[in-house]
S.K.: 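One structure coming up, written as structure tokens, with questions to follow.
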Amino acid sequence: MLEITHVTKQYGSRIAVSDVTLNVEQGRLVALLGPNGSGKTTLMKMIAGLVSPTSGEIAFDGEKIGPSTKRRIAYMPTEAYFYNYMSALDAGRYYRDFFEDFSMERYLRALEDERLDAKAKIRTMSSGMVAKVKLALTFARDSKLIMLDEPLNGIDIIARERTLALIGKHHTPERSLIVSSHLVDELEAMIDDAVFMQNGVVALAGSAQRIREQYGVGIVEMYRRIYGEGGVKGHA
């Protein structure tokens with residue numbers, strides 16, 4: 001479904017992503033792991049078509065990333081991207097205008113399930129409430145690839161459990177999900193594949209089961225090894 005081939009992104013003298021090659025198969029739930037500054041967000045923005053690679057190529061369903069692929073890839077960034085005037089309902093209308101696969105009915109139902117007032121201004125909401133609005137908007141699309149950048153940040157334990165349940169609910173054989181996080185213990189039980197990024201490069205990547213079998217440890221312990229003890233290089 002997703003092919004990333006020798007992709008590098010450079011900002012002036014700083015290399016944010018360096019020579020990354022990855023494949024994501026249809027129906028897989030991929031954890032994109034690493035501390036802040038490891039290149040996770042830059043890579044996701046390139047997949048979403050918001051940032052162009054300095055070199056290399058990204059293709060989705062055999063098509064180079066561009067205007068057409070944006071209609072089939074849903075991306076939830078970490079930053080708040082709403083205008084100050086927007087209510088939750090305004091945000092839904094904004095998405096409806098931009099994305100043909102957006103379901104206003106599904107979005108409003110999700111807001112109701114989370115007990116969020118559609119008429120409330122987003123700027124008055126807590127960070128946890130804003131996170132719920134962003135998730136509702138993203139999952140109201142029928143995209144074949146959904147990317148969530150740090151969806152567990154800034155929310156309490158109960159909200160995290162609901163977010164993980166939503167991720168599981170929307171993980172289907174027809175759809176792939178890429179979830180970036182440094183909260184590895186929250187994701188390990190549900191992921192198919194893990195990609196560990198370090199200083200812009202892929203330190204380790206492969207199916208979660210193969211990583212466990214090859215290294216004899218779980219994903220959480222592998223995270224500790226890579227980022228706590230200087231790194232494990234290579235691909236599983």
Side-chain angles (χ1 to χ4, degrees), residues 1-12 14-25 28-60 65 69-70 73-81 127 131 134-135 138 143 145-155 160 163-164 167 171 176-188 190-208 211 219-220 222-228 230-236:
M1 174 181 280
L2 180 68
E3 296 176 289
I4 303 169
T5 308
H6 297 296
V7 164
T8 293
K9 180 60 182 178
Q10 189 166 350
Y11 296 97
R14 183 177 72 88
I15 298 176
V17 171
S18 178
D19 196 29
V20 167
T21 295
L22 288 170
N23 290 327
V24 175
E25 298 177 4
R28 305 291 280 183
L29 175 51
V30 182
L32 187 59
L33 305 172
N36 293 336
S38 58
K40 305 189 304 296
T41 294
T42 300
L43 182 60
M44 295 179 91
K45 285 185 175 180
M46 287 191 287
I47 296 169
L50 302 176
V51 172
S52 298
T54 303
S55 61
E57 186 170 289
I58 305 175
F60 180 69
I65 294 296
T69 62
K70 287 182 181 180
I73 298 175
Y75 169 57
M76 190 190 86
T78 54
E79 60 266 35
Y81 48 88
S127 59
K134 289 164 60 179
L135 281 167
T138 305
S143 305
L145 174 63
I146 291 179
M147 298 189 295
L148 308 174
D149 197 355
E150 299 286 359
L152 304 178
N153 276 11
I155 56 177
R160 283 184 189 176
T163 298
L164 291 170
I167 291 171
H171 176 213
S176 299
L177 280 86
I178 300 176
V179 182
S180 83
S181 184
H182 56 269
L183 301 172
V184 196
D185 53 334
E186 306 273 6
L187 291 171
E188 175 162 10
M190 63 193 305
I191 64 172
D192 298 310
D193 304 310
V195 177
F196 296 87
M197 293 197 68
Q198 187 176 39
N199 299 322
V201 304
V202 174
L204 183 68
S207 77
I211 290 172
I219 302 303
V220 172
M222 182 56 68
Y223 189 98
R224 292 192 182 102
R225 289 188 183 188
I226 291 174
Y227 305 110
V232 177
K233 302 292 185 182
H235 292 271

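Computation of the quantities below employed the complete heavy-atom set of this structure, encompassing side-chain atoms and omitting hydrogens, waters and symmetry-equivalent molecules.
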S.K.: Main chain of L148, side chain of K134: is a donor-acceptor contact present, judged purely on distance under 3.5 Å?
M.R.: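 Here the side-chain-to-backbone pair does not exist.
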S.K.: Take atom CG in N199; do more than 12 heavy atoms of anything else shown fall under 6.0 Å from it?
M.R.: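 No, CG of N199 has 12 or fewer neighbouring heavy atoms, counting only those of other groups under 6.0 Å.
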S.K.: State which residue, out of L187, D193, I167, fulfils the side-chain contact (heavy atoms from CB on, under 4.5 Å) condition with L29.
M.R.: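 So the option named by the test is I167.
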S.K.: Closer than 3.5 angstrom, by distance alone: can the side chain of K40 be matched with the main-chain N or O of V179 as a donor-acceptor pair?
M.R.: no
S.K.: Might you point out which heavy atoms bring A203 and I226 nearest each other, and give the distance in Å?
M.R.: CB-CG2, 4.1 Å
S.K.: Can you tell me how far CG of L32 sits from CG of L22, rounded to the nearest 0.5 angstrom?
M.R.: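 Spacing of CG (L22) from CG (L32) equals 8.0 Å.
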S.K.: Decide side-chain contact (heavy atoms from CB on, under 4.5 Å) for T163 and E186; before the verdict, give the C-alpha distance in whole Å, the side-chain angles of both, and the deciding distance to 0.1 Å.
M.R.: CA-CA 10 Å; T163 298; E186 306 273 6; over 6 Å; no
S.K.: Would you mind reporting whether V184 and Y227 have side-chain heavy atoms less than 4.5 Å apart?
M.R.: no
S.K.: Roughly how far, to the nearest 0.5 Å, is CZ of F60 from CD1 of I73?
M.R.: 5.0 Å
S.K.: Hey, does the side chain of K9 reach the backbone of L43 with a donor-acceptor pair shorter than 3.5 angstrom?
M.R.: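 Judged by distance alone, no pair lies under 3.5 Å.
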S.K.: Quick check for you: to the nearest 0.5 Å, what is the distance between S181 atom OG and E188 atom CD?
M.R.: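 Interatomic distance, S181 OG to E188 CD, rounded to 0.5 Å: 12.5 Å.
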S.K.: Answer yes when K45 and E79 have at least one side-chain N-carboxylate O distance shorter than 4.0 Å, and no when they do not.
M.R.: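 Between E79 and K45 there is a salt bridge, with a charged N closer than 4.0 Å to a carboxylate O.
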S.K.: If you apply the rule side-chain contact (heavy atoms from CB on, under 4.5 Å), what do you find for Q198 with L204, and how did you get there?
M.R.: CA-CA 9 Å; Q198 187 176 39; L204 183 68; over 6 Å; no
S.K.: Ignoring hydrogens and angles, tell me if any N or O in the side chain of E150 forms a donor-acceptor pair with the backbone of T78 under 3.5 Å.
M.R.: no
S.K.: For L2 and I178: C-alpha separation, side-chain torsions, deciding distance, then whether side-chain contact (heavy atoms from CB on, under 4.5 Å) applies.
M.R.: CA-CA 11 Å; L2 180 68; I178 300 176; 3.9 Å; yes
S.K.: Taking E25's backbone N and O only, do any of them form a donor-acceptor pair with S176's side chain (distance below 3.5 Å, no angle check)?
M.R.: yes
S.K.: Can you name the nearest heavy-atom pair linking P53 to V7, along with the distance?
M.R.: CB-CG1, 4.0 Å
S.K.: When you compare the side chain of M147 with that of T138, does any pair of heavy atoms fall below 4.5 Å?
M.R.: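 Contact flag for T138/M147 side chains = no.
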S.K.: Are side-chain heavy atoms of I4 and M46 found at a separation under 4.5 Å?
M.R.: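 Counting from C-beta outward, I4 and M46 never come under 4.5 Å.
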S.K.: Is there side-chain contact between Y75 and K70, with heavy atoms separated by less than 4.5 Å?
M.R.: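 Not touching, per the 4.5 Å side-chain cut-off.
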S.K.: Hey, what do you get for CD1 (I219) to CG (D185), rounding to the nearest 0.5 Å?
M.R.: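 Answer for the CD1-CG pair, I219 versus D185, is 12.5 Å.
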S.K.: Could I get the full list of side chain to side chain donor-acceptor pair (under 3.5 Å) partners for S180, not counting sequence neighbours?
M.R.: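 So S180 forms a side chain to side chain donor-acceptor pair (under 3.5 Å) with D149.
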S.K.: Can any side-chain N or O of T5 pair as donor or acceptor with the backbone N or O of G56 at less than 3.5 Å?
M.R.: no
S.K.: Should L183 and R160 count as side-chain neighbours, where that means a heavy-atom distance under 4.5 Å?
M.R.: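 They are in side-chain contact.
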S.K.: How long is the gap from CD on E3 to CG on N23, to the nearest 0.5 Å?
M.R.: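 E3 CD to N23 CG: 5.5 Å, rounded to 0.5 Å.
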S.K.: Mind checking the OG-CG spacing from S55 to D19? Nearest 0.5 Å is all I need.
M.R.: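 The distance works out to 7.5 Å.
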S.K.: Can you check whether I47 reaches L145 side chain to side chain, under 4.5 Å on heavy atoms?
M.R.: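 They are in contact (side-chain heavy atoms under 4.5 Å apart), so the answer is yes.
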S.K.: Main chain of V17, side chain of T42: is a donor-acceptor contact present, judged purely on distance under 3.5 Å?
M.R.: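 No; judged by distance alone, with no hydrogens or angles, the pair does not exist.
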